[in-house]
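Just so it is clear, the values below take in all heavy atoms, side chains as well, and ignore hydrogens, waters and symmetry mates. Naming: A, B, ... by sequence-line order, numbering from 1 per chain.
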Amino acid sequence: MIALIDCNNFYASCERVFQPQLNHSPVVVLSNNDGCVIARSDESKALGIPMGAPIFKLKELVKQHQISCFSSNFPLYGDMSSRVMSILSSFSPEIEIYSIDEAFLALDGFQLDLETYAHTIKKKVEQCTGIPISIGIAPTKALAKTANRIAKKFKERTKGVYIIDNEEKRIKALKWLKVEDIWGIGRQLSKRLQAQHCYNALEFTRLNDQWVRKEFSVVGLRLKKELQGEKTLFLEQPQNKKSIATTRSFKENIADLDALEERVATFAVHCAEKLRKQKSSCRMISVFLRSNPFDKSQPNVFRNTTISLPYDSDSSILIASYAKRALRHIYKEGIPYKKAGVLVLGLQPSENQQLNLFCDSKPKHKDLMNVMDKMNKRYGNTLQLGSQNTTKKWLMRQENLSKRYTTDINELIQVS
DNA sequence: TCTGGGGTCCTAGGACCC
DNA sequence: TCTGGGGTCCTAGGACCC
């Protein structure tokens with residue numbers, strides 16, 4: 001059996017741990033620049049606030065119901081997540097951390113009552129971190145996802161734990177699960193399924209194999225088997241990223257090339273830092289610029305380009321310089337850009353780097369990057385490239401940012 | 001006034017190899 | 001007039017996830 005553990009309303013729950021007086025009132029957490037709603041407490045969901053809603057459209061509702069709005073505080077959520085995951089790890093020899101707020105646990109061969117065990121896990125996590133969780137248990141990942149959904153949806157009856165361990169429960173669960181709520185079936189595919197008069201997961205599992213394979217590829221077929229109780233997806237161990245991105249929307253549009261160069265250089269440096277963290281080098285760099293797609297008075301512009309490096313690199317200096325070169329390639333004057341991003345692709349392990357016979361391709365800036373990383377880690381962001389901006393003029397809009405309660409040394413001293 | 005960020009996998013088609 | 005068979009690698013685009 002496999003368990004899927006999911007933190008309830010994770011970001012909102014993290015904020016509440018440090019503001020317990022908000023425990024029964026509506027809370028939302030906003031995306032960068034305080035743009036969209038990306039997490040909602042149950043009370044906010046009950047008010048009909050949809051996921052991804054732009055907050056400026058909800059001004060009245062926020063005022064009327066005194067909804068607490070938080071700017072996103074990813075250092076806090078990341079740290080809370082690792083606390084939850086570390087507790088979960090103690091309950092099974094095999095865990096897959098699936099996302100910041102979800103994990104699969106392997107429960108194969110556990111000779112005990114799984115329901116009792118799940119309640120023990122739940123209690124422990126809630127006691128140690130203050131984060132409420134839901135647990136679904138079933139023979140496959142897709143069914144565990146389904147069970148988890150039931151645990152959450154019928155919280156009172158299930159007490160946050162649901163197990164699919166026989167055919168009757170499986171059929172009942174699938175009949176209940178709408179096709180658009182199946183894990184792996186998104187908006188496009190559910191539309192196509194509904195067009196075939198397939199409305200719930202049970203009907204999906206009764207479609208013809210060949211048809212599913214043809215229409216939804218092997219991915220769809222695997223999913224169908226998973227829902228029928230046959231394992232086709234397995235627990236995975238963490239792997240190095242195959243691509244890394246740093247992209248941001250701007251507070252205000254930027255049309256000026258110098259200003260964009262500074263942003264792109266900074267994004268490139270972030271990518272390079274993430275590369276070095278996982279000991280990879282990149283072979284290619286992609287840069288894009290985008291106008292504001294919601295602004296109907298301006299033409300919708302999306303420009304991007306990908307360039308190859310002469311040899312693999314993880315140097316901030318080199319990557320920033322090529323990123324700027326790529327930017328100048330796609331930049332056009334007079335367009336107000338709302339968003340830009342840098343992606344590094346073709347990642348390879350840094351230790352077996354492919355050199356270039358026709359140019360000096362010895363790994364560059366190794367010692368320098370080492371020193372930069374160490375100093376920036378120890379003293380905060382103290383060393384930057386000259387092409388980055390050292391003033392705070394690009395700070396995101398974050399009007400209601402909570403403190404870094406668990407990771408900021410000054411906060412920790414205060415708390416203790 | 002104000003609309004996020006970061007990933008993965010699969011397929012088809014083109015270019016290339018012998 | 002007639003033009004093979006079997007591969008690999010790469011990329012773009014489309015779908016999905018949180």
For the pair made of [atom1] in [X] and [atom2] in [N], what is the distance, rounded to whole Å?
X: A/Leu30; N: B/dT3; atom1: CG; atom2: P; result: 12 Å
X: A/Arg248; N: B/dT3; atom1: CZ; atom2: P; result: 15 Å
X: A/Phe74; N: B/dG5; atom1: CZ; atom2: P; result: 9 Å
X: A/Phe267; N: B/dG4; atom1: CZ; atom2: C1'; result: 12 Å
X: A/Asn9; N: C/dC18; atom1: CG; atom2: P; result: 14 Å
X: A/Ile182; N: C/dC16; atom1: CD1; atom2: P; result: 12 Å
X: A/Phe294; N: B/dG4; atom1: CZ; atom2: P; result: 6 Å
X: A/Leu4; N: C/dC18; atom1: CG; atom2: C1'; result: 12 Å

For residues A/Tyr405 and A/Glu15, is any side-chain donor paired with an opposing acceptor at under 3.5 Å?
no
If we only count heavy atoms from C-beta on, is the [X] to [Y] side-chain gap below 4.5 Å?
X: A/Leu235; Y: A/Lys141; answer: yes
X: A/Glu102; Y: A/Asn148; answer: no
X: A/Leu289; Y: A/Val301; answer: no

Please figure out whether A/Gln239 or A/Asn32 has its closest DNA chain B nucleotide nearer the 5' end.
A/Asn32
Residues in contact with DNA chain C, drawn from residues 95-102 of chain A - heavy-atom cutoff 4.0 Å:
A/Tyr98, A/Ser99, A/Asp101, A/Glu102
Sorted by chain and residue number, the ring-ring contact (aromatic ring centres under 6.0 Å, His included) partners of A/Phe234 (sequence neighbours excluded) come out as none
Please enumerate all residues that pass ring-ring contact (aromatic ring centres under 6.0 Å, His included) together with A/Phe70, with sequence neighbours excluded.
none
Extract all donor-acceptor atom pairs below 3.5 Å that involve side chains of residues 48-66 of chain A and protein atoms in other chains or at least two apart in sequence.
none

Using a heavy-atom cut-off of under 4.0 Å over every strand shown, decide if [X] touches base, sugar-phosphate, or nothing.
X: A/Arg213; answer: sugar-phosphate
X: A/Ser72; answer: nothing
X: A/Lys214; answer: nothing
X: A/Lys241; answer: sugar-phosphate
X: A/Ile185; answer: sugar-phosphate

The correct set of residues in residues 216-232 of chain A placing a heavy atom under 4.0 Å from DNA chain B is A/Ser217, A/Val218, A/Val219, A/Arg222
The correct set of residues in residues 195-204 of chain A placing a heavy atom under 4.0 Å from DNA chain B is none
May I have all residue pairs that pass side chain to side chain donor-acceptor pair (under 3.5 Å) and include part of [range], sequence neighbours excluded?
range: residues 204-213 of chain A; result: A/Asp209-A/Lys224
range: residues 318-343 of chain A; result: A/Glu261-A/Arg328
range: residues 176-187 of chain A; result: A/Tyr98-A/Trp183, A/Arg149-A/Asp181, A/Glu180-A/Gln194

Output yes when at least one side-chain N/O atom of A/Ser249 is less than 4.0 Å from OP1 or OP2 of B/dT3, else no.
no
Residue-phosphate contact under 4.0 Å: A/Lys338 side-chain N/O, B/dC2 OP1/OP2
no
Donor-acceptor list for residues 374-381 of chain A side chains, cut-off 3.5 Å, not counting sequence neighbours:
| residue | atom | partner | partner atom | Å |
| --- | --- | --- | --- | --- |
| A/Asn376 | OD1 | A/Thr382 | N | 2.9 |
| A/Asn376 | OD1 | A/Thr382 | OG1 | 3.3 |
| A/Asn376 | OD1 | A/Leu383 | N | 2.8 |
| A/Asn376 | ND2 | A/Met372 | O | 3.4 |
| A/Asn376 | ND2 | A/Leu383 | O | 3.1 |

Got a salt bridge between A/Glu226 and A/Lys145, using NZ or NE/NH1/NH2 to carboxylate O under 4.0 Å?
no
Looking at A/Glu43 and A/Arg16, is any side-chain nitrogen of the basic one under 4.0 Å from a carboxylate oxygen of the acidic one?
yes
Protein-nucleotides 7-15 of chain C N/O pairs closer than 3.5 Å?
none

Keeping the roles fixed (side chain from A/Ser81, backbone from A/Tyr77), state whether a donor-acceptor pair exists under 3.5 Å.
no
How many angstroms lie between atom CE of A/Met80 and atom CD1 of A/Ile100, to the nearest 0.5 angstrom?
11.0 Å
Side chain of A/Lys59, base of B/dT1: donor and acceptor closer than 3.5 Å?
yes
Give the dot-bracket line for DNA chain B from 5' end to 3' end: parentheses for intra-strand Watson-Crick or G-U pairs under 3.5 Å, square brackets for crossings, | for inter-strand pairing, dots for unpaired.
....||||||||||||||
Which whole number of Å gives the distance between the C1' atom of C/dC17 and that of B/dG4?
15 Å
Cationic tip of A/Lys403 within the cone over A/Phe18's six-membered ring, i.e. under 6.0 Å and within 45° of the normal?
no
Is the NZ or CZ atom of A/Lys153 positioned over A/Tyr162's six-membered ring, under 6.0 angstrom from the centre and within 45° of the axis?
no
